[in-house]
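Accompanying notes for the structure given below.
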Amino acid sequence: MFTTMNLPLHASLPLSSRSWCCYASLSVPQPQAEPQLLNGNPPARPLDRKEIRLGLPSKGRMSADTLELLKNCQLSVKQVNPRQYVAEIPQLSNLEVWFQRPKDIVRKLLSGDLDLGIVGLDTVSEHGQCNEDLIIVHEALEYGDCRLSLAIPQYGIFENVNSVEELAKMPQWTEDKPLRVATGFSYLGPKFMKESGLKHVTFSTADGALEAAPAMGIADAILDLVSSGTTLRENNLKEIKGGVVLESQAVLIASRKSMIQRKGVLETTHEMLERLEAHLRAIGQFTVTANMRGSSAEEVAERILSQPSLAGLQGPTVSPVFCKRDGKVTSDYYAIVICVPKKALYKSIQQLRAIGGSGVLISPLTYIFDEETPRWRQLLSKLGL
């Protein structure tokens with residue numbers, strides 16, 4: 001038995017004055033192919049407009065980190081008025097940027113009002129509900145990391161409960177007295193509980209900090225996003241084994257219909273994907289340039305490749321360094337260039353010196369462009385192109 005309740009949590013009101021509203025729901029809400037209404041209006045037809053629309057989070061840390069990432073990819077968002085919800089990226093022609101709530105970005109991708117979007121994977125999973133029109137173009141933008149996790153009190157009947165399996169076997173949960181879970185994830189929550197073997201569960205949504213629900217006595221557990229876990233611990237809550245529903249971070253998503261039917265969307269997606277991948281791959285990478293004396297380029301390359309930290313991405317670049325001595329041009333030295341990750345930088349310099357390297361120069365990398373990004377090939381495959 002699964003039920004859902006709306007429980008407003010207003011700290012300023014006593015428990016007796018809070019309004020409760022409950023309604024029955026199916027054990028697992030079924031995904032819908034496409035919303036029939038958006039803000040009370042029918043969904044737009046895919047070809048009604050010519051401009052390409054990108055949805056970005058409008059507020060909070062996710063918004064700031066998204067704008068910073070795009071800026072680092074030379075895709076700075078230009079917003080004339082910070083109070084306006086529409087902007088542009090000059091490098092991408094015919095593109096409009098729309099600032100929206102994350103869940104509305106997903107909904108408007110499904111309705112055809114947006115073509116591309118950047119949101120957290122948790123938002124895609126909760127509000128997209130496995131809709132086939134949503135395609136994850138890049139699944140790891142490397143910010144917004146968190147996890148959707150089940151948490152229970154550290155005390156009382158839960159003191160010795162440390163896993164979902166143990167939680168499911170507790171005799172306290174019956175049809176008349178189900179496990180009460182406070183969450184904002186009304187799709188993922190019931191789905192996860194059913195898959196985990198918890199049969200008698202009721203769900204509530206709350207307008208406030210979910211961590212307070214168990215202490216207030218209106219929930220037995222919570223299902224919420226967790227970053228470090230500090231807030232849970234400070235409220236005497238704990239995560240349990242098997243209780244992580246999904247690991248989330250920022251992702252780039254797109255509408256399948258838009259990429260196939262709307263002119264320019266696929267090309268814009270390709271450019272964004274290449275810029276993102278080139279920047280993300282270069283994070284934490286350094287170019288190391290040094291001079292080495294040697295009899296030939298092959299002999300220098302042999303010495304470099306004998307050191308495990310000096311292989312670079314595909315191997316070292318070795319080229320002669322010419323100088324004029326006694327009126328003649330000679331090349332006693334060779335310049336070597338390799339790419340080294342930050343965590344191995346000092347070790348690589350030590351190894352380079354040990355085999356005769358000198359004049360070592362270090363510079364951070366900004367972009368690393370592959371011949372073709374693997375994610376682009378995967379996207380074309382998903383689209384059947």
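On a predicted model such as this, the values are computed, not experimentally measured, just so you know.
What you find for Glu166 and Asn160 is that their closest heavy atoms are OE1-O, 3.5 Å. Looking at every heavy atom in both residues, Arg233 comes nearest to Gln154 through CA-NE2, 4.2 Å. Across all their heavy atoms, Leu223 and Phe185 have their closest contact at O-CD1, 4.2 Å. The minimum heavy-atom distance linking Glu126 with Gly184 is given by the pair OE2-O, 4.2 Å. The shortest non-hydrogen separation linking Leu383 to Arg256 is CD2-CG, 3.8 Å.
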Could you go through Thr373 and Glu277, starting from their C-alpha distance and side-chain angles, then the distance that decides it, and tell me whether this counts as side chain to side chain donor-acceptor pair (under 3.5 Å)? CA-CA 7 Å; Thr373 166; Glu277 289 225 334; 2.3 Å; yes

Full working for side-chain contact (heavy atoms from CB on, under 4.5 Å) between Phe99 and Val77: CA-CA 11 Å; Phe99 292 101; Val77 176; 3.9 Å; yes

Report the C-alpha separation of Gln285 and Val340 in whole Å, then their side-chain angles, then the decisive distance to 0.1 Å, and conclude whether the side-chain contact (heavy atoms from CB on, under 4.5 Å) test is met. CA-CA 6 Å; Gln285 298 284 339; Val340 174; 5.7 Å; no

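Counting only residues at least two apart or on different chains, the salt bridge (Lys or Arg N to Asp or Glu O under 4.0 Å) pairs with a member in residues 319-328 are Arg325-Asp332.
No continuous path of ILVMFWY side-chain contacts below 4.5 Å connects Met272 to Ile253, so the two sit in separate hydrophobic clusters. Leu198 and Phe158 end up in the same hydrophobic cluster when Ile, Leu, Val, Met, Phe, Trp and Tyr side chains are linked at under 4.5 Å.
Residues Glu88 and Lys78 are not paired through a salt bridge, judged by the lack of any N-O separation under 4.0 Å between the basic side chain and the carboxylate.
Expressed to the nearest 0.5 Å, how far CG of Asp220 lies from CG of Leu167 amounts to 9.0 Å.
Clustering of Ile, Leu, Val, Met, Phe, Trp and Tyr by side-chain heavy atoms under 4.5 Å joins Tyr333 with Val321.
Other residues, nucleotides and ligands contribute over 12 non-hydrogen atoms within 6.0 Å of the CD atom of Gln84.
Side chain to side chain, Gln100 and Lys108 meet the donor-acceptor criterion of an N or O pair below 3.5 Å. In the model, Tyr334 has no side-chain atom that pairs as donor or acceptor with a side-chain atom of Ser296 under 3.5 Å. Using modelled atom types, one finds no donor on one side chain facing an acceptor on the other under 3.5 Å when comparing Ser255 with Asp115.
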